[in-house]
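Data block below; observations after.
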Amino acid sequence: MQFSYADNSATVKADALLVPVFEGGKGLKEYAYGDKLAKLFSKGDFEGKAGSTLMLHKSDAVAADRVFLLGLGKKDKDGASQLGEALAGFFRNGAIHSYKLKHVAVALEAVHDDAQAIGRWCAEGALLGDYHFDVLFSKKDKKKHHASKLTLAGGKAAELKKGVAYGEVTAEYTAHARDLVNEPSNRINPATLAKFAQDMVKKVPGLKCTILHKPEIEKLKMGAFLGVNAGSDIPAHLIVLEWKGGKQGEKPIAYVGKGLCFDSGGYDIKPAQGMLGMKMDMGGGAATICALGAIAKLKLKVNAVGVVPATENLISGKAYHPGSVLTSMSGQTIEIGNTDAEGRLILCDALTYTQQKFKPRVVVDMATLTGAQVVALGGKVVGLMSNDDKVAKGLEAAFKAVHEEVWRLPLPEFYDKQLDSTIADMQNIGGNPGTVTAGLFLQRFIDKGQKWAHLDIAGPAMNDADGWRLWAKKSATGTPVRPLVEFAEKF
Ligand code: BES
Ligand code: MN
Ligand code: ZN
C-alpha cells in the first residue's frame, strides 16, 4: 500500500473519502463540508459508534467518488488509536471489498491527536486490517481485494510521514508473525522457521541470525529441549537473533519465544479437538523473531537478542515418556509428569542459554504455554508474570501504548512446591493454577538477580472469535510483536 498526503480532504480525488466522526456526531462540524454531509443523512442514521460506517450519496462538497462516515466511538480517548482500529475494521470487512476501492483517503481535520501517532495508527490499522492469509487458495476468486493507496488528508504531513514510516514496519513484521502462525505445520516446521529467520535478516542490515543445529544443542547439554525433540523426525533448531543498536557493551534486552511447531501432546496425547490448531504453538517464537526484525528495521538504539527453541512434540519409538527424567542445561533434573507440558521444557533450556550467553539486563519469554491461560483470561488478554515490578509495569505500559491487553498474575512461593518430585529436582506439572505453576516452573531457571517476565499468549496468539481491534477472524494476531517493539524502545 502506498501512502500519500494532502492538505485538504475535500479536494482529494479518491475512490472513497472516509470521514471520521465520534459518537453523537462529534467532529463532523469541524470539516468544511460537514454541514453539507449532515444534510445527506437524517438524524439518527449514524451514531458514530466505534467501527460503524455509513455510505453517503455522492456529494458536490468533496472531490472523492464516495463518502463514508467512519464511527470512532466516544470522544474520550486518544483519537489516533480509535481511528486506527476503525480503519482496520473498514479495511477488513468494509466497502473496500464490495466496491473494490483502490484509492482511499481519510479526512484528519477533526482528529486532534499527535500527528505522528495518527500516522502510525493509520498505517497499522490499514495494513493490519488489510491482512488476509490467502496464499494457500488455488483459485483467484478466494484472494482478497487489496486497496493500493491511502491518502492522509488535512493533517501535518511531515509528522504523519514519520508515524507512517514507523507503523509500516510494525505492521509488516506483525503480518510476518501472523503468516508464520497461520501457516500449517507441514509448511512451517523447525527447519523452515529457522530458514525464515535467516531469510529475514538478509533484508535487515545489521541484524544477525545464528542457527544452532542438533549437534551444538547436544553439546550445550540442553536435555529438556532435546527430550521434547526426541519423538520428531525433524531435528531441533535453536534460532538466535542479535541486534546491536545500543551502546557497545550495554547489556541487551532478551526475548525468548516458544517455537513448538506442532504439539500433538506426545504420549499424553491431546484429544482431536485439542490437537487441531496446534500449529499455532510457535506463536511466541514467531513474535520473538519478528519483533527482532522490526526493532532492527526501525534501527532502535538498543541492544536486543531473540532466542527461539524450535521443535515438534510428537510420538515415536524414540519419544520421551511420561515418567522419563530429563537433565536440563542448568543441571536441574525434571521428571515428566505429562509429555504435553513440553513448552516449559524447551523454554527452560533456552532461558539458561540466554542468561549464560548474553547476560541480559532483562529477559522476557513468551509462549502459548497453558490452556489454563485461555480459561482465566480468554483470547484477548495476555497473562503476565514477573519477578520484578518495574519490568511488569514497563510491559503493562508497552501493551497499553499499542492498545493490546495484558493482566499480571502472581507467582506465589506457596504454589512452587507443587512442582516438587519424589525422584528428581522437580516435575514439569504443578497442578492448579496451571498458568501460574507453569510460570513458577520457568522461574526455577532464572538466575538470582536476573530481571525476568513471562507472557502466556495461549489464547491471544490466535483470534478465533471475531474481528476485533487490529485482529482478524479465525486468524493469527501476531501478538505481542507491537508491545515488544514498544518495550524495547521505552524500557
Ligand atoms: N500448547 C499447549 C497450551 C495451549 C492450549 C495453547 C490451548 C493454546 C491453546 C501446551 O503445550 C499444553 O499442552 N499445556 C498443557 C499443560 C498441562 C499438561 C500441564 C495444558 O495447558 O493443558
Ligand atoms: Mn503441550
Ligand atoms: Zn504446547
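Whatever order the structure lists them in is the order used to number ligands and atoms, beginning at 1. Just so it is clear, the model here is predicted, and its values are computed rather than measured. Any value given below was found using the heavy atoms of this structure, including those in side chains, with hydrogens, waters and symmetry copies removed.
At a cut-off of 3.5 Å, with distance as the only test, no side-chain donor of S421 or Q427 sits close to an acceptor on the other residue. Side chains of N463 and T477: a donor-acceptor N/O pair is absent below 3.5 angstrom, by distance only. Side chains of E489 and Y166: a donor on one and an acceptor on the other come within 3.5 Å.
Between L395 and P483, every side-chain heavy-atom pair lies at or beyond the 4.5 Å cut-off.
Here is the list of ligand 1 atoms found below 4.0 Å of a heavy atom in T368: 1 (N), 2 (C), 3 (C), 6 (C). Remark: ligand 1 atoms within the under-4.0 Å shell around heavy atoms of D281 are 1 (N), 11 (O). Close contacts of ligand 1 with N338, meaning ligand atoms under 4.0 Å from a residue heavy atom, involve 18 (C). Of all atoms in ligand 1, numbered sequentially from 1 with element shown, those under 4.0 Å from a heavy atom of M278 are 1 (N), 4 (C), 5 (C), 6 (C), 7 (C), 8 (C), 9 (C). Close contacts between ligand 1 and E342 involve ligand atoms 11 (O) [criterion: under 4.0 Å to a heavy atom]. Residue contact check: K258 has heavy atoms under 4.0 Å from atoms 1 (N), 10 (C), 11 (O) of ligand 1. Proximity to I429 (heavy-atom distance under 4.0 Å) selects the following atoms of ligand 1: 19 (C).
Put simply, A367 stays out of reach of the Zn ion (ligand 3), with no N, O or S atom under 2.8 Å from it. At least one N/O/S atom of D263, whether from backbone or side chain, sits less than 2.8 Å from the Mn ion (ligand 2).
Taking every heavy atom of both residues into account, L470 and A88 meet most closely at CD2-CB, 3.7 Å. Listed here is the closest heavy atom pair of W471 and G379: CZ3-O, 3.7 Å.
Summary of contacts: the protein heavy atom closest to atom 10 (C) of ligand 1 is L369 O, 3.3 Å. For atom 16 (C) of ligand 1, the nearest protein heavy atom (residue, atom name, distance) is R344 NH2, 4.0 Å. Considering only non-hydrogen protein atoms, atom 17 (C) of ligand 1 sits nearest to A341 CB, 4.3 Å. For atom 22 (O) of ligand 1, the closest non-hydrogen atom on the protein side is G371 N, 4.4 Å.
Using a 4.0 Å cutoff on heavy atoms, K270 counts as a contact of ligand 1. Ligand 1 lies out of reach of Q373, whose nearest heavy atom is not under 4.0 Å from it.
With a heavy-atom cut-off of 4.0 Å, N313 does not touch ligand 1 at all. Contacts with ligand 1 closer than 4.0 Å are made by no heavy atom of M275, backbone or side chain. Under 4.0 Å from ligand 1, heavy atoms of D340 appear from its side chain as well as its backbone.
In terms of N/O distances under 3.5 Å, ligand 1 is approached by D263. Residue M280 places no N or O, backbone or side chain, under 3.5 Å from any N or O of ligand 1.
Taking the centre of each ring, H176 and F196 come in below the 6.0 Å mark.
In summary, R444 and D425 do not engage in a salt bridge, as defined by a charged side-chain N under 4.0 Å from a carboxylate O. Ion pairing between a basic and an acidic side chain is recognised when a charged N comes within 4.0 Å of a carboxylate O; K417 and D420 show no such pairing. The pair E405-R469 meets the salt-bridge criterion, with a side-chain N (NZ, NE, NH1 or NH2) lying under 4.0 Å from an Asp/Glu carboxylate O.
Figure legend: cation-pi geometry between R178 and Y131, with NZ or CZ positioned under 6.0 Å from the six-membered ring centre and within 45° of its axis. A cation-pi contact, defined as under 6.0 Å to the ring centre and within 45° of the axis, is absent between K208 and W243.
With values rounded to the nearest 0.5 angstrom, E242 atom CD is found 9.0 Å from L207 atom CG.
Minimum-distance N/O/S atom of D263 relative to the Zn ion (ligand 3): OD2. The N, O or S atom of E342 with the smallest distance to the Mn ion (ligand 2) is OE1. The nearest N/O/S atom of E342 to the Zn ion (ligand 3) is OE2. Residue D281 approaches the Zn ion (ligand 3) most closely through its N/O/S atom OD2.
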I would like to know whether W452 and D388 meet side chain to side chain contact (heavy atoms under 4.5 Å, CB included); could you show each step before the answer? CA-CA 7 Å; W452 160 77; D388 186 274; over 6 Å; no
